[in-house]
2 protein chains.
Amino acid sequence: MNAPGDNLLEQIVRLKSELRKSDQRVAEVVLARPQEAVDMTLATLATAAGVSEPTVIRFCTAVGCDGYRDFRTKLARSLAFARSTSHTAISAGDDLGKIVTKIFDYNLSNLHWAQTHLDSRQVAAAVDVLAGARRIEFFGFGASGIVALDAQQKFPLFGVPCGAPLDPHQMFMTAEMLGTGDVVVAISNTGHTVQILQATEVARNRGARTIGITGAAGTELTKHCDIALIVETLENTDIYTPTVSRLSHLVLIDILSTAVSLRRGGPHHDRLAEMKQGLARLRTSDTQI
Amino acid sequence: MNAPGDNLLEQIVRLKSELRKSDQRVAEVVLARPQEAVDMTLATLATAAGVSEPTVIRFCTAVGCDGYRDFRTKLARSLAFARSTSHTAISAGDDLGKIVTKIFDYNLSNLHWAQTHLDSRQVAAAVDVLAGARRIEFFGFGASGIVALDAQQKFPLFGVPCGAPLDPHQMFMTAEMLGTGDVVVAISNTGHTVQILQATEVARNRGARTIGITGAAGTELTKHCDIALIVETLENTDIYTPTVSRLSHLVLIDILSTAVSLRRGGPHHDRLAEMKQGLARLRTSDTQI
DNA sequence: TCCAAATCGGTAGCATTACTACATCAATGA
DNA sequence: TCATTGATGTAGTAATGCTACCGATTTGGA
């Protein structure tokens with residue numbers, strides 16, 4: 001669950017309530033103005049929080065750091081990601097530069113978040129199933145449909161026929177035709193999209209293995225799946241903020257396809273290399289259309 | 001060109017050749033083992049590099065830092081992204097955990113790289129053109145085709161009809177039908193895909209404005225475009241490493257659509273909000289298919 | 001080839017900064 | 001009310017980072 005470089009700011013938020021009173025004052029200052037805090041000296045931070053220097057040190061150890069120096073580097077590191085997690089909402093007054101920064105930052109933070117919260121064991125289980133598949137179908141609508149298509153494009157890596165029906169009827173029909181040895185990868189960030197749930201259930205009843213990619217544990221989708229890959233995303237209540245989940249989903253597809261491809265090994269890779277070369281030739285070929 | 005949090009490691013690599021001899025020794029140590037360097041004290045780093053302490057300080061100022069302390073925090077910050085830029089190649093012996101880490105890190109680094117190297121003025125120009133469009137067509141094949149589809153899905157944000165022909169023939173036909181007031185967004189990471197070049201040229205001759213999204217300046221594609229959006233990616237020679245460019249492209253599409261949507265303002269947003277709510281209802285509606 | 005100039009690198013001392021031991025104060029329960 | 005425990009600040013100490021200065025090395029010109 002926890003990656004090595006676990007976010008310090010997150011840690012502080014989590015522990016804040018069970019800290020000593022003075023330590024909480026320090027925590028407030030750090031959380032309120034982390035960008036400034038990272039440049040402060042021990043004494044400066046102490047006065048800024050209205051406490052003594054040893055208190056600040058005690059605070060550092062309390063949040064899992066090895067002294068003030070360590071605290072500072074860890075804070076700097078977590079700031080690289082979370083710099084704008086606090087106020088990412090895009091407002092109508094933002095100029096273009098701000099929009100660029102916010103959207104990039106938001107996506108970066110989100111990707112990092114997904115990384116630290118991804119359960120490797122579930123991924124391993126998914127790779128096992130996919131590596132043994134006879135055929136793979138990817139189900140998704142809207143933004144998740146894009147992800148499904150992307151996955152389907154990677155079928156050379158998976159090494160078996162892959163499909164991605166975008167039309168609900170087609171999806172349903174495809175599900176009906178699946179059987180033992182086939183695998184369904186159902187993608188739905190909300191985990192509530194009814195057609196996906198139905199199609200997945202049908203496929204499972206026919207004997208196919210089902211893998212779900214969704215945004216939170218315990219959604220409807222996970223009940224219909226043998227393996228649930230939870231890709232956590234930061235909350236997104238803002239109307240302007242675009243769908244960030246699909247980036248994490250795409251990365252997950254990358255991981256799955258790469259892992260499956262590696263599992264196949266040897267001759268499979270030679271053919272991959274040839275395929276890539278052929279593709280390059282195709283791109284630049286001057287064939288008139 | 002340069003974002004505020006410009007990567008320190010990158011800076012060091014860039015300046016390394018024109019540094020003093022002893023400073024280069026420091027640079028080598030830092031670049032070789034950045035993870036350890038960030039935890040070193042001034043004296044430790046000095047002995048590790050085989051130089052004196054003042055030399056290390058001079059090195060710090062030479063690379064644009066304000067003393068050793070500042071150097072350390074900046075290094076920590078840049079490490080959050082670039083932790084594994086040096087050895088990202090995925091090898092057959094990697095276990096799943098390593099694959100997960102490497103692919104995430106690679107995508108994160110790459111996204112950050114794209115952010116710092118994106119030219120805001122070009123983006124601004126693109127937003128201007130898109131905001132005034134009567135119709136927008138997105139051209140792309142393969143991974144870029146996915147991006148085109150994603151963009152096309154965002155047409156409610158763009159506020160005008162959007163298309164994304166995936167078939168080369170359809171693309172060509174679409175291009176022939178365009179005219180003044182229409183806009184083509186051509187997506188090709190290599191910038192050499194012939195069919196894209198041809199279709200874009202056709203559209204331009206018919207009077208459409210053309211925007212190119214590509215991986216490097218000076219590619220063929222840029223010659224056919226009024227506005228070139230260069231999305232730089234880290235090199236990728238490895239056969240296993242998946243296409244990272246498409247993530248950056250997707251983020252760029254997010255930025256464009258959001259900026260255009262904001263430009264439209266007022267009533268447009270109310271309709272967006274309604275649309276989002278309606279979509280939520282559609283997802284959970286129990287309509288049998 | 002030699003000398004002058006300039007740059008580079010190191011020594012030593014200084015100022016700042018982080019840390020620790022101890023004392024005081026506040027809160028809580030008997 | 002008093003004793004006990006835990007939290008907080010004071011003062012002193014060790015370390016770390018920084019600067020002034022001096023010697024060494026290199027470079028360019030006669």
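These numbers were taken from a predicted model, which means no experiment stands behind them. Sequence lines set the chain letters: A, B, ... in the order given, protein chains first and strands last, and positions in each chain run from 1. Values below: every heavy atom of this structure, side chains too, minus hydrogens, waters and symmetry copies.
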Taking the side chain of A:T55 as heavy atoms from C-beta outward, which of C:dA18, D:dC18, D:dT8 is closest to it? D:dT8
Rounded to whole Å, please give me the gap between NZ in A:K21 and P in D:dT8. 7 Å
Which nucleotide in the set D:dT19, C:dA18, D:dT16 lies at the smallest distance from any side-chain heavy atom of B:T41? D:dT16
Checking side-chain polar atoms at under 3.5 Å, does B:S245 have a donor or acceptor matched by the opposite partner on B:S248? no
Side chain to side chain, B:L19 and B:F59, heavy atoms closer than 4.5 Å: yes
Between the side-chain atoms of B:R25 and the base atoms of C:dG9, is any donor-acceptor pair under 3.5 Å? no
Nucleotide nearest A:P54 (side chain, heavy atoms from C-beta), chosen from D:dT8, C:dG10, C:dA21: C:dA21
Side chains of B:V231 and B:N189: closer than 4.5 Å at any heavy-atom pair? no
From CZ of B:R58 across to P of D:dC21 the rounded distance in Å is 14 Å
Report the nucleotide, chosen from C:dG9, C:dT20, D:dG17, that has the shortest atom-to-atom distance to any side-chain atom of B:E53. D:dG17
Using whole Å, report how far CG of A:D39 lies from C1' of D:dG17. 16 Å
If you find the nucleotide of DNA chain D closest to A:D23 and the one closest to B:Y68, which residue's nucleotide is nearer the 5' end? A:D23
Considering every strand and a 4.0 Å limit on heavy-atom distances, what is the contact class for B:R69: base, sugar-phosphate, or nothing? sugar-phosphate
Under 4.0 Å between any heavy atoms, over every strand shown, what does B:S22 touch: base, sugar-phosphate, or nothing? Just pick one. sugar-phosphate
Could you tell me how far apart B:D70 (CG) and D:dG17 (P) are, to the nearest whole angstrom? 13 Å
Looking only at N and O atoms, is any donor in the side chain of B:R72 or the base of D:dG17 less than 3.5 Å from an acceptor on the other one? no
Are A:K223 and A:E220 ion-paired here, with the side-chain N under 4.0 Å from a carboxylate O? yes
Neighbour count above 12 (heavy atom, 6.0 Å) for A:D66 CG: no
Presence of A:R20 side-chain N/O under 4.0 Å of D:dG6 phosphate oxygens OP1/OP2: no
Give the nucleotide from the list C:dG10, C:dA18, C:dG9 with an atom nearest to the side chain of B:V51. C:dG10
